[in-house]
There are 2 protein chains.
Amino acid sequence: MFTSTKQCYCKLILQFQHKLKQTSKQASRACSLKVKQIINEPLLEERKYDETDDETDSEITFRFKDLTTTLCNPDQLRAKPDVADLKFGHVFTDHMMKVFYHKKLGGWQKPVIIPFENISLHPAAKVLHYAVELFEGMKAYRGVDDKVRLFRPDLNMKRMNRSAQSSGLPTFQEEEMIECIKRLIQVDEEWVPHSEASSLYIRPTFIGIDGTLGVHQSDSALLYTILCPVGGYFEGTKESVSLLADPSYVRAWPGGSGDKKVGSNYGPTIRAQKKANQKGLQQVLWLYGPDHQITEVGTMNIFLFYKDEFGVKRLATPPLTGLILPGVIRQSILQLCEQWGEFVIEQRTITMAEVINLQLSDRLLEMFGSGTAAIVSPISSIEYLGQTIQIPTTEHQNPLYRRVREELKAIQYGHIDHPWAPKID
Amino acid sequence: MFTSTKQCYCKLILQFQHKLKQTSKQASRACSLKVKQIINEPLLEERKYDETDDETDSEITFRFKDLTTTLCNPDQLRAKPDVADLKFGHVFTDHMMKVFYHKKLGGWQKPVIIPFENISLHPAAKVLHYAVELFEGMKAYRGVDDKVRLFRPDLNMKRMNRSAQSSGLPTFQEEEMIECIKRLIQVDEEWVPHSEASSLYIRPTFIGIDGTLGVHQSDSALLYTILCPVGGYFEGTKESVSLLADPSYVRAWPGGSGDKKVGSNYGPTIRAQKKANQKGLQQVLWLYGPDHQITEVGTMNIFLFYKDEFGVKRLATPPLTGLILPGVIRQSILQLCEQWGEFVIEQRTITMAEVINLQLSDRLLEMFGSGTAAIVSPISSIEYLGQTIQIPTTEHQNPLYRRVREELKAIQYGHIDHPWAPKID
């Protein structure tokens, strides 16, 4: 009965989907929601599952094998926007994934994929008062072979568990979450843009939901994932970004939570971000300490490509000492450049004084930011203590930032077959 | 028509309320929800209102005069718990106050009092990802004269506006919010416990609700207030609290948001709080800097009462340099003690080394915390670098902490008529 209703919906979905807009060379496939696969292959994972785990399982993790999917009614399906019109984080797909944790009910409950809907919270929910919240940012890419790929989701899920631990929230088995996310993307597969200038942004989110006041560990929590097709992160036509480095604002400090992807690292930065925007600058470059060390951009890690006094090229980025987010793209750039072996790679403290000295002595080649949302973004200038430091990042032929970005995109969009980019089906 | 439906509800409420439990000498008044007042006096404020404000008003503030009240259906009324059973922040009253801000609609919307209900949020709401959230803690006290009083609500509302500014949220006129809160308390007046050991905790909360991803200023926000009857903040029978001072955790930093009542200051502290609880200690004493300055307890400001080398009594508390919350009770204690003029008052840096030296030389008299939730709580011990420092706070006759607390309670519960404690009706 359930399956037949589902199949009935699927037919309707197929009927309706063709009316939705999809900018693509393969527009004819815009209605190919892979519902058959969802209906026909649910038993695959059950065979892998060891039933002896059953009793204590929900204390440790939820399981992909328990995932149930409820598809939208056709009238709930949203129009897909033109890829060219995409504003970061404004349009969401038709479905979402949810899994509750309730200590009183033994821990993790069964994951569900359901039509995208609002979240109903008790007004005293911990997330609304004490910022018991964390998230991840990942992307799904439609490759040249029309296969959809993720990029190193294992690293994101490891980081998510570290954020959870630091927030007093429960952890889960990372591969189970990845499988659930893959299934969600399969359900909304036609939302993965048919364009290498865009991708499907994946936002796993984890919030404490106990409806009680008082700063305590959460006994109830909600882990959910939403998806949105995205173009570039930064608005405007210019490729490069301008930064404000104001030492009076501090993002993170030793003994704090600057290396976790928790909400607390973002709320307090909005004021400085607003100040940057008012000055016509795009992002804040966060400094730390009396020597004004550069740390990160809030949405990006930062890289400095320069020549030392002997003319040797070096790529430097701040170290993972707790002050910056351990970015997946950051790590990937370091690994790629190490493989190339063409210049020295340094994870070390970089001060604003050094940046200025390098620029004055014409040894500063490039500065760029890296992040899942921002990919690799060249930096054109830094406003610092009333002065504007021009960074010649985009003024070279074959700049490093572009080479790095092309290499990453080649992996993400399947030009190269690479273990970092697992296919979804 | 509306009024008569309301009156009909009111009668029903009165019929049902007497079944609800209320521990009180005056239990007979448990059904005296002051609905008549609400119905008969709505025009009072309109006379004060200057109609020339009208056009641009919603950009600046919402108005109490626009407040509408929808009372619970009788079957929605909750049972009132025994005051003796009250756990902090677990039981909420029947109604809540809400006011939306939507930039697109001109700003502040009209405030409403409605039955207590869940909040429905877009899954991408800023509050769930970037901790765009802040709150206040206030209390309403039922005095010896049966009048309900607030305590310095103007200071809380000033602080709330400062928190809002730092979070990129809109501000409002403080007196308008105070009037709305007063009306909410009038509606749920029978929830104000008839006991001087308890009070009605007021939690104004302000969250960013735009349903878009990306770290940006919120164009939509929800300001709401919930109420809960409370006893003591700390669980257990002992009056005094034990603290863990671990320099490896840092709560706040210059250039951060440690002096604002924003969610971001709380989420990252839960891990340290858990560590304290695992050691059998109640709260974390947050240290700062290489000299291990004491800052605050997270839920309380901290005071040190001691004798200097000349035998002169001094009351010291950390200064407002951005690292600690500017507490209303902290400020009130300083003002009271200044009026008494019996000892020296100092707002200055206090290090752990000084605390240890004072204790070793028998010059440490008392340490106590202050806060709206915790009132004035004596500190019995501090665990620091593997050692337990015993604080003789409760070992004196007529200790200062008790005198301060009694004085505050005398004001709050109407034993003294005082401008700090405005009556609600």
Side-chain angles (χ1 to χ4, degrees), chain A residues 87-90 92 96 116-125 127-133 135 165-168 201 203 205 207 211-217 224 226 228 233 247-257 260 262-271 273-274 298-299 373, chain B residues 87-90 92 96 116-125 127-133 135 165-168 201 203 205 207 211-218 224 226 228 233 247-251 253-257 260 262-271 273-274 298-299 373:
Chain A
K87 222 172 146 184
F88 186 88
H90 277 62
F92 298 87
M96 66 192 294
F116 191 93
E117 63 174 22
N118 268 15
I119 292 172
S120 174
L121 291 172
H122 190 284
V127 62
L128 303 178
H129 300 261
Y130 308 119
V132 182
E133 61 192 81
F135 62 92
Q165 276 178 315
S166 83
S167 308
Y201 185 79
R203 173 57 64 97
T205 313
I207 59 177
T212 55
L213 297 179
V215 186
H216 294 294
Q217 200 172 342
Y224 66 95
I226 51 178
C228 47
Y233 184 75
S248 65
Y249 297 110
V250 179
R251 176 189 168 274
W253 51 86
S257 61
K260 307 292 185 308
V262 293
S264 304
N265 288 334
Y266 298 88
T269 70
I270 288 171
R271 201 161 121 247
Q273 176 66 42
K274 194 176 161 189
T299 53
Chain B
K87 223 172 146 182
F88 185 89
H90 277 63
F92 297 88
M96 66 193 295
F116 191 94
E117 63 174 20
N118 269 16
I119 292 172
S120 175
L121 291 173
H122 190 283
V127 62
L128 303 178
H129 299 261
Y130 309 118
V132 182
E133 59 192 83
F135 62 93
Q165 276 177 315
S166 83
S167 307
Y201 184 79
R203 173 58 64 98
T205 312
I207 59 177
T212 54
L213 297 179
V215 185
H216 294 295
Q217 199 171 345
S218 298
Y224 67 95
I226 51 178
C228 47
Y233 184 75
S248 66
Y249 298 109
V250 179
R251 175 188 168 275
W253 196 263
S257 61
K260 307 293 186 307
V262 293
S264 304
N265 288 334
Y266 297 88
T269 69
I270 289 171
R271 198 160 125 249
Q273 177 65 40
K274 194 176 162 188
T299 53

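The chains referred to below are lettered A, B, ... by the order of the sequence lines, with proteins before strands, and numbering in each begins at 1.
Interface remark: S167(B) contributes backbone atoms only to the contact with chain A (heavy atom separation under 4.5 Å). Interface residue S120(B): backbone and side-chain heavy atoms are both found under 4.5 Å from chain A. Only the side chain of S257(A) comes within contact range of chain B, with at least one heavy atom under 4.5 Å from a heavy atom of that chain. When heavy atoms are compared at a cutoff of 4.5 Å, L121(A) approaches chain B by way of both its backbone and its side chain. In this structure, the portion of T269(B) lying under 4.5 Å from any heavy atom of chain A is its side chain and not its backbone. For I270(B), the part sitting under 4.5 Å from any heavy atom of chain A is the side chain, from C-beta outward, and nothing else. Of the atoms belonging to I226(A), it is side-chain heavy atoms, and not backbone ones, that fall under 4.5 Å from chain B. Of the atoms belonging to Q217(B), heavy atoms from both backbone and side chain fall under 4.5 Å from chain A. When heavy atoms are compared at a cutoff of 4.5 Å, P247(B) does not approach chain A at all. Looking at L128(A), both its backbone and its side chain come within 4.5 Å of chain B, counting heavy atoms on both sides.
For the pair W253(A) (side chain) and V250(B) (backbone), a donor-acceptor distance under 3.5 Å is present.
Of the listed residues Y224(B), F116(B), Y249(B), the one with more heavy-atom pairs under 4.5 angstrom with chain A than any other is Y224(B). Top candidate by heavy-atom pairs under 4.5 Å with chain B, chosen from C228(A), G168(A), G256(A), P254(A), is P254(A). Per-residue counts of heavy-atom pairs under 4.5 Å with chain A were compared for K260(B), K274(B), E117(B), E133(B); the largest is that of E133(B). Heavy-atom pairs under 4.5 Å with chain A were tallied for H122(B), H129(B), R251(B); the largest tally goes to H129(B). Counting heavy-atom pairs closer than 4.5 Å to chain A, the top-ranked of the candidates A125(B), S166(B), G298(B), S248(B) is S166(B).
Pairing each heavy atom of R271(A) with each of Q165(B), the nearest pair is CD-O, 3.7 Å. When all heavy atoms are compared, the tightest approach of A131(A) to S264(B) is CB-N, 3.9 Å. The heavy-atom pair separating G211(A) from F92(B) by the smallest distance is O-CE1, 3.4 Å. Of all heavy-atom pairs between P123(B) and M96(A), the closest is CG-CE, 3.8 Å.
Taking NZ from K87(A) and CG from L213(B), the interatomic distance works out to 13.0 Å, rounded to the nearest 0.5 Å.
V127(B) places none of its side-chain heavy atoms less than 4.5 Å from the side chain of V127(A).
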### Query
Could you walk me through whether V215(B) and Q273(A) pass the side-chain contact (heavy atoms from CB on, under 4.5 Å) check?
CA-CA 8 Å; V215(B) 185; Q273(A) 176 66 42; 5.5 Å; no
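Between F135(B) and Y130(A), the ring planes are perpendicular. Angles over 60° get that label, and only those under 30° would be called parallel.
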